[in-house]
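Single-structure report; data block below.
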Protein chains: 2
Amino acid sequence: MIGKNYISLLRENILFKDLEEEKLAGFLTAFQEEIWPKNTCNITKTPTLFKFYIIAEGRVKIYRVDPESAREFTLFLLKKNDIFDVLCLLENCEHKVFYETLDEATLLSVPIKIMREWIVKYPQINKSLLPYMGKQIRILEEYTSNVVLSDISSRLAKLILTNINKKSKKLELINDLSNDELANLIGSTRAVVNRHLQQFKKDGILKISRKKVEITNLELLLKQAEKNHFSG
Amino acid sequence: MIGKNYISLLRENILFKDLEEEKLAGFLTAFQEEIWPKNTCNITKTPTLFKFYIIAEGRVKIYRVDPESAREFTLFLLKKNDIFDVLCLLENCEHKVFYETLDEATLLSVPIKIMREWIVKYPQINKSLLPYMGKQIRILEEYTSNVVLSDISSRLAKLILTNINKKSKKLELINDLSNDELANLIGSTRAVVNRHLQQFKKDGILKISRKKVEITNLELLLKQAEKNHFSG
DNA sequence: AAACAAATACTACGTAAGTAGCATTGGATC
DNA sequence: GATCCAATGCTACTTACGTAGTATTTGTTT
(Lines give C-alpha, C1' and ligand atoms only; values in the text may rest on other atoms or scores of the structure.)
Protein backbone atom coordinates (compact mmCIF):
# COMPACT_ATOMS: atom_id res chain seq x y z
CA MET A 1 0.00 0.00 0.00
CA ILE A 2 1.28 3.42 -0.88
CA GLY A 3 0.37 7.01 -0.19
CA LYS A 4 -2.88 8.49 -1.41
CA ASN A 5 -1.05 11.31 -3.08
CA TYR A 6 -0.54 8.94 -5.97
CA ILE A 7 -4.23 9.01 -6.87
CA SER A 8 -3.72 12.15 -8.89
CA LEU A 9 -0.95 10.34 -10.76
CA LEU A 10 -3.27 7.47 -11.71
CA ARG A 11 -5.95 9.96 -12.67
CA GLU A 12 -3.64 11.27 -15.36
CA ASN A 13 -2.37 7.87 -16.40
CA ILE A 14 -3.33 6.68 -19.84
CA LEU A 15 -4.42 3.27 -18.55
CA PHE A 16 -6.30 4.30 -15.44
CA LYS A 17 -7.74 7.69 -16.33
CA ASP A 18 -11.16 6.33 -17.31
CA LEU A 19 -11.77 4.57 -14.00
CA GLU A 20 -13.85 5.86 -11.12
CA GLU A 21 -12.19 7.56 -8.19
CA GLU A 22 -13.08 4.80 -5.70
CA LYS A 23 -11.60 2.16 -7.95
CA LEU A 24 -8.34 4.08 -8.17
CA ALA A 25 -8.01 4.09 -4.41
CA GLY A 26 -8.54 0.33 -4.49
CA PHE A 27 -5.86 -0.09 -7.09
CA LEU A 28 -3.35 1.82 -5.02
CA THR A 29 -3.42 -0.85 -2.32
CA ALA A 30 -1.82 -3.27 -4.76
CA PHE A 31 1.00 -0.92 -5.72
CA GLN A 32 4.37 -0.71 -4.10
CA GLU A 33 6.60 2.34 -4.17
CA GLU A 34 10.15 1.73 -5.34
CA ILE A 35 13.00 4.21 -5.40
CA TRP A 36 15.59 3.37 -7.99
CA PRO A 37 18.86 5.34 -7.68
CA LYS A 38 20.33 7.00 -10.72
CA ASN A 39 21.74 4.52 -13.26
CA THR A 40 19.96 1.52 -11.78
CA CYS A 41 19.75 -1.13 -14.43
CA ASN A 42 17.11 -3.83 -14.59
CA ILE A 43 19.71 -6.58 -14.76
CA THR A 44 20.37 -6.06 -11.10
CA LYS A 45 16.71 -5.51 -10.23
CA THR A 46 13.52 -7.53 -10.25
CA PRO A 47 12.87 -8.22 -13.91
CA THR A 48 9.85 -6.84 -15.73
CA LEU A 49 8.60 -10.38 -16.18
CA PHE A 50 7.10 -10.24 -12.71
CA LYS A 51 6.27 -6.60 -12.14
CA PHE A 52 4.57 -3.88 -14.07
CA TYR A 53 5.76 -0.33 -13.49
CA ILE A 54 4.41 3.21 -13.62
CA ILE A 55 6.90 6.04 -13.45
CA ALA A 56 5.99 8.57 -10.78
CA GLU A 57 9.17 10.59 -11.11
CA GLY A 58 12.42 10.52 -13.02
CA ARG A 59 13.45 9.18 -16.41
CA VAL A 60 13.95 5.59 -17.53
CA LYS A 61 15.44 4.59 -20.84
CA ILE A 62 14.56 1.40 -22.68
CA TYR A 63 17.56 0.38 -24.72
CA ARG A 64 19.33 -2.38 -26.57
CA VAL A 65 22.98 -3.29 -26.60
CA ASP A 66 24.95 -5.00 -29.30
CA PRO A 67 26.90 -7.56 -27.27
CA GLU A 68 29.89 -7.55 -29.62
CA SER A 69 30.49 -3.89 -30.26
CA ALA A 70 28.96 -2.89 -26.91
CA ARG A 71 27.18 -0.15 -28.78
CA GLU A 72 23.98 0.92 -27.15
CA PHE A 73 20.90 2.59 -28.48
CA THR A 74 17.82 3.92 -26.81
CA LEU A 75 14.40 2.84 -28.04
CA PHE A 76 12.26 4.87 -25.66
CA LEU A 77 12.93 7.56 -23.15
CA LEU A 78 10.21 7.16 -20.52
CA LYS A 79 9.08 9.89 -18.17
CA LYS A 80 6.41 10.56 -15.58
CA ASN A 81 3.30 8.43 -16.06
CA ASP A 82 4.87 6.25 -18.72
CA ILE A 83 4.54 2.52 -18.13
CA PHE A 84 6.64 -0.57 -18.72
CA ASP A 85 6.78 -3.20 -19.91
CA VAL A 86 3.67 -3.54 -22.03
CA LEU A 87 5.10 -6.31 -24.20
CA CYS A 88 5.91 -8.44 -21.16
CA LEU A 89 2.43 -7.73 -19.91
CA LEU A 90 0.77 -9.02 -23.08
CA GLU A 91 2.90 -12.07 -23.66
CA ASN A 92 4.72 -14.00 -21.07
CA CYS A 93 7.88 -14.07 -23.07
CA GLU A 94 10.93 -12.01 -22.56
CA HIS A 95 11.33 -8.58 -24.07
CA LYS A 96 14.89 -8.30 -25.29
CA VAL A 97 15.68 -4.86 -23.91
CA PHE A 98 17.30 -3.25 -20.89
CA TYR A 99 16.03 -0.53 -18.59
CA GLU A 100 18.08 2.05 -16.81
CA THR A 101 17.23 5.11 -14.77
CA LEU A 102 18.74 8.40 -15.91
CA ASP A 103 17.80 10.09 -12.64
CA GLU A 104 16.79 8.84 -9.28
CA ALA A 105 13.36 7.52 -10.14
CA THR A 106 10.23 6.78 -8.17
CA LEU A 107 8.29 3.85 -9.55
CA LEU A 108 4.99 2.30 -8.66
CA SER A 109 5.10 -1.44 -9.12
CA VAL A 110 2.34 -4.01 -9.23
CA PRO A 111 2.71 -7.76 -9.75
CA ILE A 112 2.22 -8.41 -13.43
CA LYS A 113 -0.26 -11.16 -12.58
CA ILE A 114 -2.54 -8.66 -10.87
CA MET A 115 -2.20 -6.21 -13.71
CA ARG A 116 -3.32 -8.96 -16.09
CA GLU A 117 -6.35 -9.65 -13.92
CA TRP A 118 -7.25 -5.97 -14.02
CA ILE A 119 -7.09 -5.94 -17.79
CA VAL A 120 -9.60 -8.77 -17.92
CA LYS A 121 -11.82 -7.22 -15.27
CA TYR A 122 -11.78 -3.63 -16.47
CA PRO A 123 -12.35 -3.23 -20.23
CA GLN A 124 -11.39 0.43 -19.95
CA ILE A 125 -7.80 -0.55 -19.25
CA ASN A 126 -7.79 -2.98 -22.13
CA LYS A 127 -9.20 -0.31 -24.40
CA SER A 128 -6.71 2.31 -23.26
CA LEU A 129 -3.82 0.04 -24.12
CA LEU A 130 -4.63 0.30 -27.82
CA PRO A 131 -3.91 4.00 -28.34
CA TYR A 132 -0.87 3.69 -26.10
CA MET A 133 0.56 0.96 -28.27
CA GLY A 134 -0.48 2.81 -31.39
CA LYS A 135 1.61 5.73 -30.22
CA GLN A 136 4.58 3.46 -29.64
CA ILE A 137 4.25 2.07 -33.15
CA ARG A 138 4.21 5.59 -34.55
CA ILE A 139 7.30 6.52 -32.58
CA LEU A 140 9.15 3.44 -33.77
CA GLU A 141 8.13 3.96 -37.38
CA GLU A 142 9.41 7.51 -37.20
CA TYR A 143 12.60 6.32 -35.54
CA THR A 144 13.31 3.69 -38.18
CA SER A 145 12.36 6.11 -40.89
CA ASN A 146 14.85 8.66 -39.63
CA VAL A 147 17.69 6.21 -39.19
CA VAL A 148 17.28 4.94 -42.74
CA LEU A 149 16.54 8.16 -44.57
CA SER A 150 18.28 10.94 -42.65
CA ASP A 151 21.89 11.65 -41.80
CA ILE A 152 23.13 12.25 -38.29
CA SER A 153 22.98 16.04 -38.28
CA SER A 154 19.40 15.93 -39.48
CA ARG A 155 18.46 13.35 -36.85
CA LEU A 156 20.17 15.36 -34.15
CA ALA A 157 18.30 18.49 -35.18
CA LYS A 158 15.01 16.58 -35.22
CA LEU A 159 15.71 15.12 -31.80
CA ILE A 160 16.20 18.57 -30.36
CA LEU A 161 13.16 19.97 -32.14
CA THR A 162 10.79 17.29 -30.89
CA ASN A 163 11.87 18.01 -27.32
CA ILE A 164 11.26 21.71 -27.33
CA ASN A 165 8.37 22.62 -25.07
CA LYS A 166 5.87 24.52 -27.18
CA LYS A 167 4.95 26.92 -24.43
CA SER A 168 8.24 27.68 -22.77
CA LYS A 169 10.17 27.29 -26.06
CA LYS A 170 12.87 25.61 -23.99
CA LEU A 171 14.48 22.23 -24.46
CA GLU A 172 13.06 19.67 -22.08
CA LEU A 173 13.53 16.02 -21.15
CA ILE A 174 16.87 15.75 -22.99
CA ASN A 175 18.40 19.15 -22.15
CA ASP A 176 20.75 17.78 -19.50
CA LEU A 177 21.93 14.65 -21.26
CA SER A 178 25.54 13.92 -22.11
CA ASN A 179 26.69 13.65 -25.71
CA ASP A 180 26.78 9.93 -25.11
CA GLU A 181 23.11 9.70 -24.24
CA LEU A 182 22.15 11.98 -27.12
CA ALA A 183 24.04 9.65 -29.44
CA ASN A 184 22.12 6.66 -28.09
CA LEU A 185 18.88 8.43 -28.87
CA ILE A 186 19.62 8.83 -32.57
CA GLY A 187 21.63 5.67 -33.16
CA SER A 188 25.10 7.15 -33.33
CA THR A 189 28.20 7.61 -31.20
CA ARG A 190 29.45 10.26 -28.82
CA ALA A 191 32.24 11.58 -31.01
CA VAL A 192 30.02 12.02 -34.04
CA VAL A 193 27.29 13.77 -32.08
CA ASN A 194 29.85 16.11 -30.60
CA ARG A 195 31.22 16.87 -34.06
CA HIS A 196 27.79 17.96 -35.24
CA LEU A 197 27.04 19.90 -32.06
CA GLN A 198 30.24 21.86 -32.64
CA GLN A 199 29.12 22.59 -36.19
CA PHE A 200 25.70 23.69 -34.94
CA LYS A 201 27.49 26.01 -32.53
CA LYS A 202 29.62 27.47 -35.32
CA ASP A 203 26.50 27.96 -37.40
CA GLY A 204 24.92 29.95 -34.58
CA ILE A 205 22.12 27.42 -34.09
CA LEU A 206 22.76 26.76 -30.43
CA LYS A 207 24.92 27.36 -27.38
CA ILE A 208 26.45 24.47 -25.50
CA SER A 209 27.82 24.17 -22.05
CA ARG A 210 28.45 21.05 -20.04
CA LYS A 211 25.33 18.87 -20.20
CA LYS A 212 23.31 21.79 -21.41
CA VAL A 213 21.96 22.80 -24.79
CA GLU A 214 20.26 26.09 -25.52
CA ILE A 215 18.74 26.95 -28.87
CA THR A 216 19.64 30.38 -30.19
CA ASN A 217 18.24 30.17 -33.70
CA LEU A 218 15.17 28.01 -34.16
CA GLU A 219 14.80 28.76 -37.83
CA LEU A 220 18.27 27.53 -38.67
CA LEU A 221 17.62 24.43 -36.59
CA LEU A 222 14.51 23.68 -38.60
CA LYS A 223 16.50 24.03 -41.81
CA GLN A 224 19.17 21.72 -40.43
CA ALA A 225 16.51 19.09 -39.70
CA GLU A 226 15.46 19.09 -43.34
CA LYS A 227 18.94 19.29 -44.80
CA ASN A 228 20.18 15.85 -45.73
CA HIS A 229 23.11 14.60 -47.72
CA PHE A 230 21.05 11.68 -49.01
CA SER A 231 18.88 14.17 -50.87
CA GLY A 232 20.14 16.14 -53.83
CA MET B 1 -21.75 -9.41 -49.52
CA ILE B 2 -19.02 -11.80 -50.54
CA GLY B 3 -18.62 -15.53 -51.02
CA LYS B 4 -18.90 -17.88 -48.07
CA ASN B 5 -15.56 -19.39 -48.92
CA TYR B 6 -14.04 -16.52 -46.98
CA ILE B 7 -15.35 -17.87 -43.67
CA SER B 8 -12.31 -20.11 -43.37
CA LEU B 9 -10.15 -17.03 -43.89
CA LEU B 10 -11.79 -15.18 -41.02
CA ARG B 11 -11.56 -18.28 -38.88
CA GLU B 12 -7.78 -18.04 -39.13
CA ASN B 13 -7.63 -14.28 -38.79
CA ILE B 14 -6.04 -12.94 -35.65
CA LEU B 15 -8.93 -10.54 -35.02
CA PHE B 16 -11.87 -12.79 -35.78
CA LYS B 17 -10.65 -16.23 -34.78
CA ASP B 18 -12.31 -16.15 -31.35
CA LEU B 19 -15.79 -15.43 -32.66
CA GLU B 20 -18.56 -17.96 -33.18
CA GLU B 21 -19.19 -19.40 -36.62
CA GLU B 22 -22.61 -17.76 -37.02
CA LYS B 23 -21.17 -14.35 -36.20
CA LEU B 24 -18.49 -14.77 -38.85
CA ALA B 25 -21.14 -15.37 -41.50
CA GLY B 26 -22.84 -12.19 -40.34
CA PHE B 27 -19.60 -10.25 -40.59
CA LEU B 28 -19.06 -11.37 -44.14
CA THR B 29 -22.15 -9.50 -45.29
CA ALA B 30 -20.39 -6.23 -44.48
CA PHE B 31 -17.25 -7.08 -46.43
CA GLN B 32 -16.56 -6.27 -50.01
CA GLU B 33 -14.12 -8.13 -52.20
CA GLU B 34 -11.57 -5.97 -54.00
CA ILE B 35 -9.03 -7.08 -56.55
CA TRP B 36 -6.01 -4.82 -56.67
CA PRO B 37 -3.73 -5.39 -59.67
CA LYS B 38 -0.01 -5.72 -59.15
CA ASN B 39 1.67 -2.46 -58.10
CA THR B 40 -1.56 -0.73 -57.17
CA CYS B 41 -0.74 2.09 -54.83
CA ASN B 42 -3.09 3.50 -52.24
CA ILE B 43 -2.65 7.03 -53.56
CA THR B 44 -4.81 6.13 -56.50
CA LYS B 45 -7.19 4.04 -54.41
CA THR B 46 -9.70 4.61 -51.64
CA PRO B 47 -7.57 5.66 -48.70
CA THR B 48 -7.32 3.62 -45.54
CA LEU B 49 -9.03 6.41 -43.67
CA PHE B 50 -12.37 5.04 -44.78
CA LYS B 51 -11.84 1.32 -45.19
CA PHE B 52 -10.23 -1.44 -43.22
CA TYR B 53 -8.64 -4.28 -45.15
CA ILE B 54 -7.90 -7.97 -44.72
CA ILE B 55 -5.56 -9.57 -47.22
CA ALA B 56 -7.07 -12.72 -48.73
CA GLU B 57 -4.33 -13.23 -51.27
CA GLY B 58 -1.17 -11.53 -52.47
CA ARG B 59 1.39 -9.28 -50.81
CA VAL B 60 1.10 -5.65 -49.81
CA LYS B 61 3.97 -3.53 -48.62
CA ILE B 62 3.64 -0.65 -46.18
CA TYR B 63 6.37 1.82 -46.92
CA ARG B 64 7.63 5.32 -46.55
CA VAL B 65 9.26 7.59 -49.07
CA ASP B 66 11.68 10.41 -48.51
CA PRO B 67 10.20 13.08 -50.78
CA GLU B 68 13.58 14.68 -51.52
CA SER B 69 15.81 11.73 -52.26
CA ALA B 70 12.87 9.61 -53.44
CA ARG B 71 14.38 6.81 -51.43
CA GLU B 72 11.87 4.29 -50.27
CA PHE B 73 11.86 1.83 -47.44
CA THR B 74 9.46 -0.89 -46.46
CA LEU B 75 8.13 -1.01 -42.92
CA PHE B 76 5.99 -4.13 -43.23
CA LEU B 77 5.51 -6.77 -45.84
CA LEU B 78 1.93 -7.97 -45.41
CA LYS B 79 0.62 -11.31 -46.58
CA LYS B 80 -2.50 -13.45 -46.36
CA ASN B 81 -4.63 -12.65 -43.33
CA ASP B 82 -2.65 -9.56 -42.40
CA ILE B 83 -4.72 -6.46 -41.81
CA PHE B 84 -4.35 -2.74 -42.43
CA ASP B 85 -4.41 -0.08 -41.28
CA VAL B 86 -4.64 -0.59 -37.54
CA LEU B 87 -3.33 2.89 -36.70
CA CYS B 88 -6.00 4.54 -38.83
CA LEU B 89 -8.52 2.30 -37.16
CA LEU B 90 -7.56 3.42 -33.69
CA GLU B 91 -7.17 7.10 -34.32
CA ASN B 92 -8.88 9.07 -36.96
CA CYS B 93 -5.73 10.75 -38.06
CA GLU B 94 -3.65 9.97 -41.04
CA HIS B 95 -0.96 7.33 -41.01
CA LYS B 96 1.98 8.71 -42.94
CA VAL B 97 2.71 5.65 -45.05
CA PHE B 98 1.96 4.26 -48.49
CA TYR B 99 0.62 0.88 -49.50
CA GLU B 100 1.39 -0.99 -52.67
CA THR B 101 0.59 -4.46 -53.92
CA LEU B 102 3.55 -6.62 -54.93
CA ASP B 103 1.27 -9.14 -56.63
CA GLU B 104 -2.28 -9.04 -57.79
CA ALA B 105 -4.00 -9.02 -54.44
CA THR B 106 -7.45 -9.95 -53.22
CA LEU B 107 -8.61 -7.81 -50.33
CA LEU B 108 -11.66 -7.86 -48.14
CA SER B 109 -12.70 -4.36 -47.23
CA VAL B 110 -15.11 -3.12 -44.62
CA PRO B 111 -15.99 0.52 -43.87
CA ILE B 112 -13.75 1.60 -41.02
CA LYS B 113 -16.80 2.95 -39.20
CA ILE B 114 -18.33 -0.51 -39.06
CA MET B 115 -15.04 -2.04 -37.96
CA ARG B 116 -14.95 0.45 -35.09
CA GLU B 117 -18.48 -0.52 -34.08
CA TRP B 118 -17.44 -4.17 -34.03
CA ILE B 119 -14.53 -3.41 -31.75
CA VAL B 120 -16.88 -1.81 -29.27
CA LYS B 121 -19.47 -4.59 -29.59
CA TYR B 122 -17.13 -7.59 -29.50
CA PRO B 123 -14.49 -7.46 -26.79
CA GLN B 124 -12.74 -10.44 -28.37
CA ILE B 125 -11.72 -8.27 -31.32
CA ASN B 126 -10.51 -5.53 -29.03
CA LYS B 127 -8.52 -8.06 -27.04
CA SER B 128 -7.00 -9.66 -30.13
CA LEU B 129 -5.70 -6.34 -31.32
CA LEU B 130 -3.27 -6.18 -28.41
CA PRO B 131 -1.03 -9.12 -29.31
CA TYR B 132 -1.19 -8.10 -32.95
CA MET B 133 0.14 -4.66 -32.11
CA GLY B 134 2.63 -6.15 -29.71
CA LYS B 135 4.02 -8.18 -32.56
CA GLN B 136 4.32 -5.08 -34.71
CA ILE B 137 6.21 -3.31 -31.96
CA ARG B 138 8.62 -6.21 -31.71
CA ILE B 139 9.17 -6.22 -35.45
CA LEU B 140 9.85 -2.49 -35.48
CA GLU B 141 12.21 -2.68 -32.51
CA GLU B 142 14.14 -5.41 -34.26
CA TYR B 143 14.15 -3.42 -37.49
CA THR B 144 15.50 -0.27 -35.85
CA SER B 145 17.95 -2.30 -33.86
CA ASN B 146 19.33 -3.89 -37.00
CA VAL B 147 19.60 -0.66 -38.93
CA VAL B 148 21.53 1.00 -36.13
CA LEU B 149 23.75 -1.85 -35.03
CA SER B 150 24.32 -4.04 -38.08
CA ASP B 151 25.90 -3.43 -41.44
CA ILE B 152 24.16 -4.16 -44.72
CA SER B 153 25.56 -7.65 -45.33
CA SER B 154 24.49 -8.71 -41.88
CA ARG B 155 21.02 -7.25 -42.36
CA LEU B 156 20.69 -8.90 -45.73
CA ALA B 157 21.67 -12.26 -44.26
CA LYS B 158 19.19 -11.82 -41.42
CA LEU B 159 16.43 -10.86 -43.83
CA ILE B 160 16.98 -14.06 -45.78
CA LEU B 161 17.22 -16.16 -42.63
CA THR B 162 13.96 -14.92 -41.15
CA ASN B 163 12.14 -15.81 -44.35
CA ILE B 164 13.27 -19.40 -44.60
CA ASN B 165 10.37 -21.75 -44.04
CA LYS B 166 11.35 -24.04 -41.21
CA LYS B 167 9.75 -27.09 -42.73
CA SER B 168 10.56 -26.79 -46.39
CA LYS B 169 13.90 -25.09 -45.66
CA LYS B 170 13.16 -22.89 -48.66
CA LEU B 171 13.06 -19.14 -48.93
CA GLU B 172 9.51 -17.83 -48.90
CA LEU B 173 7.65 -14.53 -49.15
CA ILE B 174 10.71 -12.64 -50.42
CA ASN B 175 12.23 -15.25 -52.74
CA ASP B 176 10.97 -13.61 -55.92
CA LEU B 177 11.70 -9.99 -55.08
CA SER B 178 13.97 -7.75 -57.11
CA ASN B 179 17.17 -6.39 -55.62
CA ASP B 180 15.36 -3.11 -55.36
CA GLU B 181 12.62 -4.51 -53.13
CA LEU B 182 15.16 -6.39 -51.02
CA ALA B 183 17.01 -3.11 -50.52
CA ASN B 184 13.81 -1.43 -49.37
CA LEU B 185 13.34 -4.15 -46.79
CA ILE B 186 16.68 -3.52 -45.08
CA GLY B 187 16.97 0.22 -45.60
CA SER B 188 19.54 0.27 -48.38
CA THR B 189 19.78 0.67 -52.14
CA ARG B 190 19.72 -1.68 -55.10
CA ALA B 191 23.37 -1.35 -56.03
CA VAL B 192 24.60 -2.05 -52.53
CA VAL B 193 22.35 -5.05 -52.05
CA ASN B 194 23.51 -6.45 -55.36
CA ARG B 195 27.14 -5.95 -54.35
CA HIS B 196 26.60 -8.05 -51.25
CA LEU B 197 24.58 -10.69 -53.06
CA GLN B 198 27.48 -11.10 -55.47
CA GLN B 199 29.82 -11.53 -52.53
CA PHE B 200 27.48 -14.10 -50.96
CA LYS B 201 27.52 -15.95 -54.28
CA LYS B 202 31.31 -15.89 -54.39
CA ASP B 203 31.40 -17.17 -50.83
CA GLY B 204 29.20 -20.09 -51.81
CA ILE B 205 26.38 -19.03 -49.53
CA LEU B 206 23.71 -18.87 -52.20
CA LYS B 207 22.81 -19.14 -55.86
CA ILE B 208 21.09 -16.30 -57.64
CA SER B 209 19.13 -16.17 -60.82
CA ARG B 210 16.75 -13.50 -61.96
CA LYS B 211 14.36 -12.69 -59.12
CA LYS B 212 15.31 -15.88 -57.37
CA VAL B 213 17.51 -16.67 -54.43
CA GLU B 214 18.44 -20.17 -53.32
CA ILE B 215 20.48 -20.90 -50.22
CA THR B 216 23.27 -23.39 -50.70
CA ASN B 217 25.08 -23.08 -47.39
CA LEU B 218 22.93 -22.25 -44.40
CA GLU B 219 25.78 -22.38 -41.92
CA LEU B 220 27.79 -19.74 -43.74
CA LEU B 221 24.68 -17.60 -44.00
CA LEU B 222 24.22 -17.77 -40.24
CA LYS B 223 27.83 -16.69 -39.76
CA GLN B 224 27.34 -13.85 -42.20
CA ALA B 225 24.34 -12.64 -40.19
CA GLU B 226 26.50 -12.36 -37.09
CA LYS B 227 29.53 -10.90 -38.81
CA ASN B 228 29.56 -7.15 -38.48
CA HIS B 229 32.15 -4.51 -39.17
CA PHE B 230 30.86 -2.42 -36.27
CA SER B 231 32.06 -5.11 -33.91
CA GLY B 232 35.71 -5.83 -33.36
C1' DA C 1 43.60 25.38 -3.56
C1' DA C 2 45.02 20.98 -5.14
C1' DA C 3 43.65 16.74 -7.05
C1' DC C 4 40.68 14.02 -9.47
C1' DA C 5 37.37 12.19 -12.66
C1' DA C 6 34.11 12.87 -16.12
C1' DA C 7 32.63 15.23 -19.96
C1' DT C 8 33.82 17.51 -23.94
C1' DA C 9 36.76 19.10 -27.82
C1' DC C 10 39.69 18.11 -31.56
C1' DT C 11 42.74 15.68 -35.06
C1' DA C 12 43.73 12.02 -38.13
C1' DC C 13 42.51 8.07 -40.58
C1' DG C 14 40.09 3.85 -42.66
C1' DT C 15 36.04 2.16 -44.71
C1' DA C 16 31.24 0.74 -45.77
C1' DA C 17 27.82 2.55 -48.16
C1' DG C 18 25.81 5.65 -51.42
C1' DT C 19 25.87 7.41 -56.22
C1' DA C 20 26.55 7.59 -61.17
C1' DG C 21 27.06 5.50 -65.27
C1' DC C 22 27.18 1.84 -68.31
C1' DA C 23 27.36 -3.10 -69.86
C1' DT C 24 25.08 -7.38 -69.87
C1' DT C 25 21.49 -10.59 -69.25
C1' DG C 26 16.94 -12.68 -69.36
C1' DG C 27 12.04 -12.82 -70.22
C1' DA C 28 8.37 -11.05 -72.31
C1' DT C 29 6.00 -9.35 -76.50
C1' DC C 30 5.32 -8.80 -81.14
C1' DG D 1 13.58 -15.16 -83.75
C1' DA D 2 13.96 -10.14 -83.51
C1' DT D 3 12.95 -6.47 -80.49
C1' DC D 4 12.43 -4.31 -76.25
C1' DC D 5 12.58 -3.35 -71.44
C1' DA D 6 13.50 -4.30 -66.84
C1' DA D 7 16.57 -6.49 -63.83
C1' DT D 8 21.06 -7.48 -62.80
C1' DG D 9 26.09 -7.01 -62.84
C1' DC D 10 30.11 -4.22 -62.59
C1' DT D 11 33.49 -0.20 -62.21
C1' DA D 12 34.93 4.09 -60.43
C1' DC D 13 34.44 7.66 -57.28
C1' DT D 14 32.99 10.39 -53.01
C1' DT D 15 31.91 10.96 -48.41
C1' DA D 16 29.67 10.74 -43.88
C1' DC D 17 30.41 8.00 -40.27
C1' DG D 18 32.87 5.39 -36.95
C1' DT D 19 37.15 4.70 -34.36
C1' DA D 20 41.31 5.80 -31.91
C1' DG D 21 43.90 8.59 -29.41
C1' DT D 22 44.81 12.68 -26.99
C1' DA D 23 44.15 17.38 -25.19
C1' DT D 24 41.36 20.39 -22.69
C1' DT D 25 37.72 21.83 -19.91
C1' DT D 26 34.62 21.67 -15.97
C1' DG D 27 32.76 20.57 -11.73
C1' DT D 28 33.32 18.04 -7.57
C1' DT D 29 35.82 16.19 -3.81
C1' DT D 30 39.36 16.29 -0.45
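Order of the sequence lines sets the chain letters (A, B, ...), proteins ahead of strands, with each chain counted from 1. Being a predicted model, the structure only gives us computed values, none of them experimental.
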**Asked** Which is true for A:Ser188 with a 4.0 Å heavy-atom rule: it touches a base, it touches only sugar-phosphate, or it touches nothing?
**Response** sugar-phosphate
**Message:** One thing to verify: whether A:Lys38 and A:Glu100 come together as a salt bridge, which I'm taking to mean a side-chain N less than 4.0 angstrom from a carboxylate O.
**Reply:** no
**Prompt:** To the side chain of A:Lys201, which of C:dA9, D:dC17, C:dT19 is closest?
**Reply:** C:dA9
**Request:** Can you tell me the distance, in whole Å, between the NE2 atom of B:His229 and the P atom of C:dC13?
**Result:** 20 Å
**Request:** Under 4.0 Å between any heavy atoms, over every strand shown, what does A:Leu197 touch: base, sugar-phosphate, or nothing? Just pick one.
**Result:** nothing
**Residue whose closest nucleotide on DNA chain D lies nearer the 5' end, B:Ser209 versus A:Thr189** = B:Ser209
**Request:** Compare the minimum distances between each of C:dG18, D:dC17, D:dG18 and the side chain of A:His196, then state the nucleotide with the smallest one.
**Result:** D:dC17
**Message:** With hydrogens left out and only the distance checked, is there a donor-acceptor pair under 3.5 Å joining B:Arg190's side chain and the base of D:dG9?
**Reply:** yes
**Asked** Rounded to the Å, how far apart are B:Lys211 NZ and D:dT8 P?
**Response** 7 Å
**Under-4.0 Å salt bridge between A:Arg59 and A:Asp103** = yes
**Message:** With a 4.0 Å limit, can you tell me whether B:Ser153 has a side-chain N or O closer than that to the phosphate oxygens OP1/OP2 of C:dA16?
**Reply:** no
**Selection from D:dT19, D:dT8, C:dT19 that lies nearest to any side-chain heavy atom of A:Ala191** = D:dT19
**Asked** A:Asp151 CG to C:dA17 C1': how many Å, rounded?
**Response** 14 Å
**Asked** Does A:Gln198 make a side-chain N or O approach to OP1 or OP2 of C:dT8 shorter than 4.0 Å?
**Response** no
**Request:** Taking only the side-chain heavy atoms of B:Ile208 (C-beta and beyond), determine which of C:dA9, C:dA17, D:dG9 contains the nearest atom.
**Result:** D:dG9
**Prompt:** When the ring planes of A:Phe98 and A:Tyr63 are compared, do they come out parallel, tilted or perpendicular, using 30° and 60° as the limits?
**Reply:** tilted
**Message:** Salt bridge or not between A:Glu181 and A:Lys61? Use side-chain N to carboxylate O under 4.0 Å.
**Reply:** yes
**Prompt:** How long is the line joining CZ of B:Phe73 and P of C:dA17, in whole Å?
**Reply:** 17 Å
**Message:** Could you tell me how far apart B:Leu156 (CG) and C:dA16 (P) are, to the nearest whole angstrom?
**Reply:** 16 Å
**Prompt:** When the distance from CG of B:Leu182 to P of D:dG9 is rounded to whole Å, what number comes out?
**Reply:** 11 Å
**Request:** Confirm from the modelled atom types if A:Arg195 and C:dA9 form a donor-acceptor pair under 3.5 Å, side chain to base only.
**Result:** no
**Message:** Please report the distance, rounded to the nearest Å, between CG in B:Asn194 and P in C:dT24.
**Reply:** 16 Å
**Fill in**
Rounded to whole Å, the CZ-P distance (A:Arg210 to D:dG27) equals 6 Å
**Request:** State whether A:Arg64 and B:Glu142 are salt-bridged, where the test is any N-O pair (Lys NZ or Arg NE/NH1/NH2 against Asp/Glu carboxylate O) under 4.0 Å.
**Result:** yes
